[in-house]
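Read the structure below first, then the notes.
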2 protein chains.
Amino acid sequence: MNLKQLSELLGLSQTTVSRALNGYPEVNEATRERVLQAVKETGYRPNKAAQRLATGKAGSIGLVMPTAPGHQSDVHFGEFLAGLGEEAVRHDFHFVIMPSDPDDEVAALRRLAISGNVDALFIAYMRAHDPRLAMLKSLAMHYVVHGRSFGAEPDYPFLDIDNEGAFYDATRLLLQLGHTRFALMNGPMHLDFAIRRRNGVISALGERGLTLEEDCMSHALMTDEQGLLAMERFLQLPERPTAILCSSTVMALGAIRAVNQAGLRLGEDISLIAHDDVLPLLKPESFSVPLTTTRSSLRAAGVRIAQRLIGTVKQAGPFPDQELWKTELIVRASTGPAPQRP
Amino acid sequence: MNLKQLSELLGLSQTTVSRALNGYPEVNEATRERVLQAVKETGYRPNKAAQRLATGKAGSIGLVMPTAPGHQSDVHFGEFLAGLGEEAVRHDFHFVIMPSDPDDEVAALRRLAISGNVDALFIAYMRAHDPRLAMLKSLAMHYVVHGRSFGAEPDYPFLDIDNEGAFYDATRLLLQLGHTRFALMNGPMHLDFAIRRRNGVISALGERGLTLEEDCMSHALMTDEQGLLAMERFLQLPERPTAILCSSTVMALGAIRAVNQAGLRLGEDISLIAHDDVLPLLKPESFSVPLTTTRSSLRAAGVRIAQRLIGTVKQAGPFPDQELWKTELIVRASTGPAPQRP
DNA sequence: TTCGGTTGTCAAAGCGCTTTGAAATTTCTT
DNA sequence: AAGAAATTTCAAAGCGCTTTGACAACCGAA
């Protein structure tokens with residue numbers, strides 16, 4: 001069933017039917033009713049490809065998903081997508097996901113953009129000096145970046161959380177509790193958020209004349225397993241750190257296991273603060289020792305980015321170009337006063 | 001840059017250029033070279049919407065993602081998507097993801113199908129007597145179901161793992177170890193895999209004249225938290241079960257915490273077998289007590305389904321319509337002989 | 001030289017929709 | 001009652017591509 005058939009059925013022109021469907025004012029209310037009725041009866045749906053070709057609008061947001069045989073999928077990705085989707089479904093938008101070899105992301109992004117398949121792009125997993133930014137600017141297509149790119153001029157639309165502030169505050173809390181030996185379990189070093197979090201820690205420590213030694217820093221994928229390994233390494237250091245900052249609750253999971261295995265008590269021998277993206281599968285408050293966290297909902301960020309993206313495409317009012325969300329510092333039982341030196 | 005411009009630039013007709021690009025034989029090799037060269041220089045990319053309109057092929061796989069403000073995102077979703085993507089990227093296919101209210105999935109699926117945006121559909125989270133099956137059959141569009149629908153005639157294309165067999169085997173193992181008091185921590189009851197897994201357990205127990213009591217069964221979202229709660233409930237039963245079967249390693253995580261908190265030892269007081277989807281963030285072998293699992297890679301299933309879907313669209317040879325994968329039973333330290341009655 | 005068979009190229013139709021500009025119809029003024 | 005204005009409808013063009021059917025141009029065979 002297409003427009004032509006429908007209009008013949010109704011004895012109207014395609015023009016009128018099209019206008020009736022798209023809410024144009026120059027069509028008689030009675031006629032519109034008749035059209036709507038027919039649509040209901042026939043189950044007619046406009047062909048999106050044709051619509052897109054005619055209007056140039058696709059009703060969709062594009063994003064590139066890095067993937068390859070060895071490439072790890074990411075819990076955070078799904079949660080963020082859920083947020084995007086939550087907003088998209090309200091506007092009848094959908095997503096076009098282009099899978100891409102992680103080494104080929106720039107090209108994949110370009111292909112996606114000029115395919116005519118999408119109205120706007122969403123970019124994540126930002127790196128320092130991210131090469132995608134230059135490409136995006138040359139593209140004349142709406143986009144919003146989740147995160148920022150350390151070292152690049154901040155002249156692009158983004159939504160980010162204040163990673164530096166979050167880890168600065170967390171570090172300060174631990175300092176106030178008397179800790180002096182710190183360690184940081186971070187995400188992959190090339191990622192923007194990891195850099196900023198590290199800076200936050202270093203800057204807070206610096207104010208007290210403390211430094212973060214190389215062997216008290218770990219950069220790895222944010223998995224349970226890596227958390228275990230990193231913590232084991234920390235615990236074997238001659239001057240064992242007592243205050244640990246961790247970039248993810250998933251990673252904290254493994255880290256806590258390492259603490260337990262070493263016969264140490266969380267919140268007493270070792271204080272731990274992790275960043276919490278509010279993943280539904282992992283509630284820091286119900287950990288056996290409830291976890292002190294810096295919190296910011298990944299899903300909420302997804303909703304907001306979808307709002308901005310869709311709003312811009314639909315030209316529904318102006319949106320701020322750059323947003324920096326504060327995180328919450330939520331103190332629970334995994335942080336406590338520094339233990340007395342033995 | 002569009003076809004017309006490109007062809008004018010080359011002094012050729014659109015036909016010839018189009019054929020040159022699409023590998024038709026009736027074009028001079030020299031001409032083809034010239035065209036390819038020009039494409040490289042100008043960065044021309046065909047407009048997908050136009051291509052789709054002309055050919056009816058979209059080069060994309062559609063799927064519906066249930067999402068709503070309260071709706072939990074699922075770790076497994078991301079991992080599966082990574083598998084799909086891994087294959088899709090090889091064929092220059094992309095995904096169209098339609099977010100949908102969970103109550104509106106059938107309609108969302110239909111919209112997606114007749115939008116002309118996709119060549120094939122992928123369906124997951126199968127339920128017993130799933131209403132989507134009837135709709136799909138009426139649709140004249142390729143699709144593959146991940147899982148099956150309990151109670152429905154198995155006359156649709158699917159890929160599933162042998163859930164019943166997996167849990168049957170796992171239960172047998174525990175029976176051989178002398179266990180007699182069993183409990184099952186399962187996924188949501190309406191989902192097909194949960195039903196089959198339960199049946200597997202019940203059938204193995206039945207062979208020994210044992211039954212699975214109502215209060216030894218839990219049906220919940222497969223999260224860390226729910227695992228904790230369910231296990232706590234089990235441990236408080238007057239006749240405490242010693243053998244636990246669990247539908248997910250994520251859930252097992254919480255369950256194990258509950259065991260530890262109760263001062264019990266995994267693999268001695270309590271034996272636990274969980275189903276492992278091979279999630280990169282959670283390695284059962286590196287749990288503090290390595291976990292005995294039934295294993296089947298979710299990602300591999302994604303790859304295979306993408307193969308079948310894309311292969312069918314491209315009419316690249318016949319594919320089996322229905323595949324049932326066996327799982328592996330991997331025995332590690334979380335299972336041990338039944339403890340002597342106190 | 002002429003004719004059938006390739007080979008390489010092209011003009012034009014069509015995919016299903018939106019939108020422009022004009023025409024037909026109705027309603028309002030005077 | 002006639003003309004102006006507003007309302008409603010339409011035919012046709014165009015979005016960028018693929019594909020059909022036709023047409024030159026060239027080849028070797030008769």
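Side-chain atoms are counted along with the backbone in the values below, which use heavy atoms only and exclude waters and symmetry mates. Naming convention: chains lettered A, B, ... in sequence-line order (proteins, then strands); numbering from 1 in each chain.
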Looking only at side-chain N and O atoms, does [X] come under 4.0 Å of OP1 or OP2 in [N]?
| X | N | result |
| --- | --- | --- |
| A:Y24 | C:dT19 | yes |
| A:T55 | C:dT18 | no |
| B:N22 | D:dT18 | yes |
| B:Q51 | D:dT18 | yes |
| A:T16 | D:dT9 | no |
| A:S18 | C:dC17 | no |

Side chain of B:N28 (C-beta onward), nearest among C:dC17, C:dA11, C:dG8 = C:dG8
Nearest listed nucleotide, side chain of B:A54, among D:dT8, D:dT18, C:dC10 = D:dT18
[X] [atom1] to [N] [atom2], straight-line distance once rounded to whole Å:
| X | N | atom1 | atom2 | result |
| --- | --- | --- | --- | --- |
| B:L3 | D:dG16 | CG | P | 10 Å |
| A:N2 | C:dG16 | CG | P | 5 Å |
| A:L53 | C:dC15 | CG | C1' | 9 Å |
| A:M1 | C:dC15 | CE | P | 16 Å |
| A:R32 | D:dT7 | CZ | P | 14 Å |
| A:L12 | C:dA24 | CG | P | 17 Å |
| B:E8 | C:dA11 | CD | P | 11 Å |
| B:L10 | C:dG8 | CG | C1' | 15 Å |

From the list A:I310, A:V303, A:L309, side-chain contact (heavy atoms from CB on, under 4.5 Å) partner of A:Q307 resolves to A:V303
Please work out if B:E26 contacts a base, only the sugar-phosphate, or nothing of the nucleic acid, heavy-atom cut-off 4.0 Å.
-> base
Exercise: do B:E33 and B:Q37 side chains pair donor with acceptor under 3.5 Å = no
Check: B:R52/A:N117 side-chain N/O donor and acceptor closer than 3.5 Å | yes
Sub-4.5 Å side-chain heavy-atom contact between B:M126 and B:F158 | no
State, with a plain yes or no, whether a side-chain heavy atom of A:L109 is found less than 4.5 Å away from one of A:L139.
-> no
Do A:T15 side-chain and C:dT19 base share a donor-acceptor contact under 3.5 Å?
-> yes
